[in-house]
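Along the sequence shown, residues are numbered consecutively beginning with 1.
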Amino acid sequence: MKDFDFSNSSIKFGLIILLILLFLIPISLIKNLIRDRRFYQEEAISSIIEPLGGESEIQGMVIAVPYKSYKEYVDSKDKTHIEIETKYAIFAPDTYKADFSVYPYYLTRGIFKVPVFNGNIDINAEFSNFDFSYFGIESKDIIEKDAVLILGFSNTKNLTAQPKIIMNDKNLALSPIKYDSISPFQTSVYYTLSGINMKEKMLLNGKIDFQGGESIKIRPIATDNYFTMQSDWTSPSFSGGWLPKERNISDKGFSAAWSIAGLSTVYPKSWLSENKFTPESLKVSFIIPVDTYKKTERSVKYALLFLIIPFIALLISEIFSKIKIHPVQYCLIGFADVIFYLLLLSISEHIPFDFTYLICAVCVSLSTLFYATAIFKKIKWGGLLSGVQFISYIFLYGTLQAEDYALLIGSIGLFIVVILLMFITRKIDWYELGNELMPEKKGKNIKKESDPYQLGKELVPEK
């Protein structure tokens, strides 16, 4: 067995590993830059959608019926008094149907664009069985004439027109009084129900014109809830407390339908206004499929791996060509690979990501081709290095497209790289590698033109 010689080749390997670790610094800076750009994007999004009411949430509807509540108390003279207070019982619909038609479009702020939308809702609801006996309220204490219908929204800025509500074929008028203390919703619109007979079934229908940005939330509040949504947006995201029972997504848009039982919500059929709940909503988001920053951020996660591959290819070329490569030359090729991600970030803000990726991959690969050809004095080595780099970019692009299988593809690709390295270097005598890379040890004194190792000597005058 040969004794291990800590030769110049071993030092070269150490320097290459050190360079790779040092390149973590610019890679980290690029990651921070991506986060900064995302922050600026979020600021732009907020400045666009806030005047539209932000994320639009339709929180439902209830009927609030006042009643007299009696409270006894004893004064300082031991006299008993009865205080009458007006409280409210809240009744949710038996059925609640809402059909959404949504028309998204883009608004821009600087270089950023945000999906916003206009839309309308056709609503139908049915109320019945106003049973006060469960709360121990007598019929004589019920004040039916002051009952109000409450419509709930996340923000009244989402409304582009006054909702037109019809109850039992009668147009409802807006209430001059706000009942925010009893409303179960974040923001409410109130309608008076004077003249409506609450002893019979109450049928409600109406139309709501609304606007918003990025997503729509719908809160099921009735015993039975039925929602449908149609839009020409081709990349919706369904989330929240319930997923659609039916959905159809195509290049012309999407349609979806939900059927939600009241038993799966936090709302009972009726409750007193002082009771509070923490409800859930279903959510439909109008997203931009894998936006520029997300794709760039994902590509930078693989930056270290795709920096190691060109370095290994350069080292193998150095071994087989027997031409010494200075660490500075490794650095320049490494910087070209790092700048690829910076170009990808900056250019993709202005043109589509796929086209940007192609431009950056071609430019960096060509720069490697010309530089490596100049170093090795042969185009075959430049072609090898640039080919390895370009194939790496193709592989990275495929990994970015297959988000669900990225880990699998990356693991298999890394395994293939290791197998290829084992195959290519299977006949290299690593103990003799130092002598092969340092021919002066065999009595040869080779001085090449523009040799980086001789650069320092040439700059120092002889004494």
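The pair Asp141-Lys87 does not count as a salt bridge, with every side-chain nitrogen at least 4.0 angstrom from each carboxylate oxygen. Under a 4.0 Å N-O distance rule, the pair Glu297/Lys31 does not qualify as a salt bridge. A salt bridge links Arg37 with Glu349: at least one charged nitrogen is closer than 4.0 Å to a carboxylate oxygen.
Without hydrogens or angle criteria, Thr296 side chain to Leu345 main chain gives no donor-acceptor distance under 3.5 Å. A side-chain donor-acceptor contact under 3.5 Å links Asn158 to the backbone of Leu52. The main-chain N or O of Ile123 is never found under 3.5 Å from a side-chain atom of Lys207 such that the two would form a donor-acceptor pair. A donor-acceptor pair is defined here as one N or O able to donate and one able to accept, closer than 3.5 Å; such a pair exists between the side chain of Asp94 and the backbone of Ser128. Not a single donor-acceptor pair under 3.5 Å links the side chain of Ser28 to the backbone N or O of Leu24. One N or O on the side chain of Gln59 and one on the backbone of Gln186 form a donor-acceptor pair closer than 3.5 Å. Not a single donor-acceptor pair under 3.5 Å links the side chain of Ser270 to the backbone N or O of Phe91. A donor-acceptor contact shorter than 3.5 Å is absent between the side chain of Ser183 and the backbone of Asp180. Remark: side-chain polar atoms of Ser101 are not paired, donor with acceptor, to backbone N or O of Ile121 under 3.5 angstrom. For Asn205 (side chain) and Asn124 (main-chain N/O), no donor-acceptor pair under 3.5 Å exists by modelled atom type.
Across all their heavy atoms, Gln389 and Ser365 have their closest contact at OE1-CA, 4.0 Å. Pairing each heavy atom of Gly383 with each of Ser386, the nearest pair is O-OG, 3.3 Å. Taking every heavy atom of both residues into account, Phe277 and Pro268 meet most closely at CZ-CD, 3.6 Å. When all heavy atoms are compared, the tightest approach of Tyr293 to Ile34 is O-CG2, 4.0 Å. Across every non-hydrogen atom of Thr95 and Ala222, the tightest pair is C-CB, 4.0 Å. Nearest heavy-atom pair, Ile309 versus Ser392, reported as atom, atom and distance to 0.1 Å: CG2-OG, 3.6 Å.
To the nearest 0.5 Å, atom CD1 of residue Ile45 and atom CD1 of residue Ile49 are 7.0 Å apart. Ile90 contributes atom CD1, which lies 8.5 Å from atom CG of Leu272 (distance to the nearest 0.5 angstrom). Separation of atoms OG (Ser281) and CD1 (Ile216) is listed at 12.5 Å; rounding is to 0.5 Å. Note: Arg38 CZ to Thr292 OG1 = 10.0 Å, rounded to the nearest 0.5 Å. To the nearest 0.5 Å, atom OG of residue Ser69 and atom CD of residue Glu85 are 6.0 Å apart. Annotation: the span from Ser255 atom OG to Asn248 atom CG amounts to 4.5 Å, rounded to 0.5 Å.
A 6.0 Å sphere centred on CG of Leu21 holds more than 12 heavy atoms belonging to other residues, nucleotides or ligands. Within 6.0 Å of CD on Glu246 lie no more than 12 heavy atoms contributed by other residues, nucleotides or ligands. Under a cut-off of 6.0 angstrom, the local environment of CG in Asn171 is crowded, with over 12 non-hydrogen atoms contributed by other residues, nucleotides or ligands. Heavy-atom contacts from other residues, nucleotides or ligands closer than 6.0 Å to CG of Leu366 number more than 12. Atom OH of Tyr40 is surrounded by 12 or fewer heavy atoms from other residues, nucleotides or ligands within 6.0 Å. More than 12 heavy atoms of other residues, nucleotides or ligands lie within 6.0 Å of OH in Tyr70, so this atom counts as buried by the packing criterion. Applying the 6.0 Å contact sphere to NZ of Lys199 captures no more than 12 heavy atoms from other residues, nucleotides or ligands. Few gaps surround NZ on Lys170; more than 12 heavy atoms of other groups in view lie less than 6.0 Å from it.
Using a 4.5 Å cut-off on side-chain heavy atoms (C-beta onward), Tyr267 and Val62 make no contact. Here the side chains of Leu369 and Phe390 are not in contact, with every heavy-atom distance at 4.5 Å or above. Proximity of Leu282 to Ile260: side-chain heavy atoms (C-beta onward) are separated by under 4.5 Å at one or more points. The closest side-chain heavy-atom distance from Trp258 to Thr228 is not below 4.5 Å. Contact of the Leu172 side chain with the Ile166 side chain is not registered, since no non-hydrogen atoms from C-beta on lie closer than 4.5 Å.
Screening Tyr106, Phe254, Phe100, Tyr105 against Trp233 for a ring pair (Phe, Tyr, Trp, His ring centres under 6.0 Å) leaves a single residue, Tyr106.
Aromatic pair Phe153/Phe210: centroids not less than 6.0 angstrom apart. A ring-centre distance under 6.0 Å is not found for Tyr67 and Tyr88. Aromatic pair Tyr393/Phe340: centroids less than 6.0 angstrom apart.
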Walk me through whether Glu55 and Lys283 qualify under salt bridge (charged side-chain N to carboxylate O under 4.0 Å, His left out). CA-CA 10 Å; Glu55 182 182 64; Lys283 183 176 181 179; 3.3 Å; yes
Can you list the steps and then say if Ile63 with Leu193 is a side chain to side chain contact (heavy atoms under 4.5 Å, CB included)? CA-CA 9 Å; Ile63 289 178; Leu193 294 178; 3.8 Å; yes
Before giving the answer on side chain to side chain contact (heavy atoms under 4.5 Å, CB included), spell out for Val148 and Ile177 the whole-Å C-alpha distance, their side-chain angles and the decisive distance to 0.1 Å. CA-CA 10 Å; Val148 293; Ile177 303 173; over 6 Å; no
Begin from the C-alpha positions of Glu280 and Arg219 and carry the test side chain to side chain contact (heavy atoms under 4.5 Å, CB included) through to its verdict. CA-CA 7 Å; Glu280 287 184 289; Arg219 185 182 299 181; over 6 Å; no
Under the criterion side chain to side chain contact (heavy atoms under 4.5 Å, CB included), I'd like the reasoning laid out for Thr234 against Lys252: C-alpha separation, chi angles, the key distance, then a yes or no. CA-CA 6 Å; Thr234 57; Lys252 294 182 179 180; over 6 Å; no
Can Tyr330 and Phe311 be said to form a ring pair (Phe, Tyr, Trp, His ring centres under 6.0 Å), step by step? CA-CA 7 Å; Tyr330 278 89; Phe311 274 22; 5.6 Å; yes
Steps toward ring pair (Phe, Tyr, Trp, His ring centres under 6.0 Å) verdict (Trp242, Phe238): CA-CA 9 Å; Trp242 298 266; Phe238 302 104; over 10 Å; no
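Classified by interplanar angle (parallel below 30°, tilted 30° to 60°, perpendicular above 60°), the ring pair Phe335/Phe23 is perpendicular.
Scored by the salt bridge (Lys or Arg N to Asp or Glu O under 4.0 Å) test, Lys178 finds no partners at all (sequence neighbours excluded). Taking Asn32 as the reference, Arg35 meet the side chain to side chain donor-acceptor pair (under 3.5 Å) condition, with sequence neighbours excluded. Qualifying ring-ring contact (aromatic ring centres under 6.0 Å, His included) partners for Tyr341, counting only residues two or more places apart in sequence or in other chains: none.
If you check the side chains of Gln211 and Thr160, you find no donor sitting under 3.5 Å from an acceptor.
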